[in-house]
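Note sheet for the following structure.
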Amino acid sequence: MDDLHFRSDYARTAEGLSELGRLIRDVFEIDISPLDRLGHDPSVIAFGWWRQDRLVANVSLYERRLFLRGECVSALGVQSVAVRPQWRGKGLFRDLMRRALRHADGRTELVILATETPSLYRPFGFRQVRETIFSAGWVSRQSQAGCRNLSLARNEDVALLLDLFSRRAPTSLFASACDHSSLFLLKAALTPGIRLVHIPDLDAVVVIRTDADTLILLDIVAPEIPTLEDIRTHLDVECSRIEVHLTPDRLGWRPEGQHSVDTGYMVRGPFPAEGSAYMLSTMRI
Ligand SMILES: CC(C)(COP(=O)(O)OP(=O)(O)OC[C@H]1O[C@@H](n2cnc3c(N)ncnc32)[C@H](O)[C@@H]1OP(=O)(O)O)[C@@H](O)C(=O)NCCC(=O)NCCS
């Protein structure tokens, strides 16, 4: 352990980002290099233990902008929690979480993360919260012309999306996220089946995928949130059911069903939507 040194200055340098990317690839088999072109989140602060020029353990914080019960809330998210196998069981994760939370405590009341291992985070004061999927029958309409799927391989399409991101409105005033575009873009880049449908008439990008006969609405990036009926008249998708993975209060739509799901979210501090039916966007890694 004597040959390790602590750093928290590397999330904004090319060398630091490349080493963080290597750790994430080795531990999670996720390639974050598309963000070199699509844009890294400049708010990330990484806390890490290094051995010479190799990052062996990391916990990152990033800024989150949430809308919760009508208020815009600044929070911090925890991400990229990883320790290389040969360095596990030595307290490095515990040390980095403490450092990250000490940093967070002076800045925000709410810290949020997503995990498949909640027992890791309970000792640090995190508790699990459940989200809700909203659903109804769906009748496809004859679509109007002019919509197309954006491709993240095309610079013009990325620019169009980033412009909409800079002007986007919250999808819900009750519970939604208006974060930096990086995790959204990474999710879209890494997930086959996700369609980014640009609807010029609505000045919107609607994020969808289909599962058998179900249309799944994942997100809407637009300066004014269109109603679901507006979206229906523009989408060229044949399905008989819709699931909305967003809080639907701005969609002018009444779901017929809803069911609560564990999406891995945990919170620390006051979380005004807790106990209600809501869904922040799942467009994150
Ligand atoms: C999970 C991980 C970050 C833990 O790192 P670590 O440095 O070995 O953890 P520490 O030695 O600091 O252990 C801190 C505590 O967490 C516990 N812990 C470690 N791994 C755990 C796991 N997989 N599940 C539950 N608890 C775990 C330890 O028992 C220890 O508990 P204690 O304080 O009661 O003794 C590391 O195993 C890892 O990188 N795993 C793969 C990636 C991963 O799962 N990341 C989390 C994604 S949300």
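Model, not experiment: these values are computed from the prediction. Counting starts at 1 for both ligands and their atoms, following the listed order.
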Query - N149 side chain to S151 side chain, donor-acceptor N/O pair below 3.5 angstrom - result: no
Query - Close-contact set for ligand 1 against S119 heavy atoms, below 4.0 Å - result: 25 (C)
**Report entry** A82: numbered ligand 1 atoms lying under 4.0 Å from its heavy atoms
**Finding:** 39 (O)
Query raised in the report: Does the S140 side chain pair with the main chain of V237, one donor and one acceptor, at a distance under 3.5 Å?
Result: yes
Query raised in the report: Any chance the side chains of T227 and D230 put a donor and an acceptor closer than 3.5 Å?
Result: yes
Query raised in the report: Hey, which atoms in ligand 1 end up nearer than 4.0 Å to a heavy atom of T115?
Result: 48 (S)
Requested in this report: Using protein heavy atoms only, decide if any is under 4.0 Å from atom 2 (C) of ligand 1.
Outcome: no
Requested in this report: Specify the closest pair of heavy atoms between S8 and F47, including all atoms of both residues, with the distance to one decimal.
Outcome: CB-CD2, 4.1 Å
Report task. For T108 and R64, test the side chains for any donor-to-acceptor distance below 3.5 angstrom and give the result as yes or no. Result -> no
Query - Shortest non-hydrogen separation from L280 to A177 and the atoms involved - result: CD2-N, 4.3 Å
Query raised in the report: Hey, is atom 35 (O) of ligand 1 under 4.0 Å from any protein heavy atom?
Result: yes
Query raised in the report: Under 4.0 Å from atom 28 (C) of ligand 1, is there any protein heavy atom?
Result: no
Requested in this report: Determine whether L217 and E243 make a side-chain contact, defined as any pair of heavy atoms from C-beta on separated by less than 4.5 Å.
Outcome: no
Report summary line: The option among R88, E116, M266, K90 carrying the non-hydrogen atom nearest to atom 40 (N) of ligand 1 is R88
Requested in this report: Check each atom of ligand 1 against the heavy atoms of G91 and keep those under 4.0 Å away; list them by number with element.
Outcome: 10 (P), 11 (O), 12 (O)
Requested in this report: Please say whether L120 places an N or O atom under 3.5 Å from an N or O atom belonging to ligand 1.
Outcome: no
Query raised in the report: When only distance counts, is V83 in polar contact with ligand 1, meaning an N/O pair under 3.5 Å?
Result: yes
Query - Part of F124 with heavy atoms under 4.0 Å of ligand 1, whether side chain, backbone, both or neither - result: neither
Query raised in the report: Nearest protein heavy atom to atom 9 (O) of ligand 1, by residue and atom, and its distance?
Result: F93 CB, 3.4 Å
Query - Protein non-hydrogen atom found under 4.0 Å from atom 44 (O) of ligand 1 - result: no
Query raised in the report: Can you check side chain to side chain donor-acceptor pair (under 3.5 Å) on R122 and Q128, steps first, answer last?
Result: CA-CA 9 Å; R122 280 196 202 98; Q128 288 173 275; 2.8 Å; yes
Query raised in the report: Counting from 1, what ligand 1 atoms have a heavy atom of G89 closer than 4.0 Å?
Result: 6 (P), 8 (O), 11 (O)
Query raised in the report: With only distance considered, is R94 within less than 3.5 Å of ligand 1 through an N or O on each side?
Result: yes
Report task. Show the numbers, then the answer: is there a side-chain contact (heavy atoms from CB on, under 4.5 Å) between L61 and V78? Result -> CA-CA 5 Å; L61 292 178; V78 177; 3.9 Å; yes
Report task. Would you indicate whether the side-chain heavy atoms of W49 and W87 approach each other to under 4.5 Å? Result -> no
Report summary line: Counting from 1 in the order shown, the ligand 1 atoms closer than 4.0 Å to a non-hydrogen atom of V27 are 41 (C), 42 (C)
Query raised in the report: Is it the case that R250 and S172 place a side-chain donor and acceptor less than 3.5 Å from each other?
Result: no
Requested in this report: Would you kindly say whether T263 and E131 are connected by a side-chain donor-acceptor distance under 3.5 Å?
Outcome: yes
Requested in this report: Tell me which part of D95 gets within contact of ligand 1: side chain, backbone, both or neither, using heavy atoms under 4.0 Å.
Outcome: neither
Report task. Ignoring hydrogens, tell whether any protein atom lies closer than 4.0 Å to atom 5 (O) of ligand 1; use the non-hydrogen atoms only. Result -> yes
Query raised in the report: Do ligand 1 and V81 have nitrogen or oxygen atoms that lie under 3.5 Å from each other?
Result: yes
**Report entry** Side-chain (R130) to main-chain (S260) donor-acceptor, under 3.5 angstrom
**Finding:** yes
Requested in this report: Considering only non-hydrogen protein atoms, determine which one is nearest to atom 24 (N) of ligand 1 and report residue, atom name and distance to 0.1 Å.
Outcome: T117 CG2, 3.5 Å
**Report entry** Proximal atoms of ligand 1 relative to F28 (non-hydrogen, under 4.0 Å)
**Finding:** 42 (C), 43 (C), 45 (N)
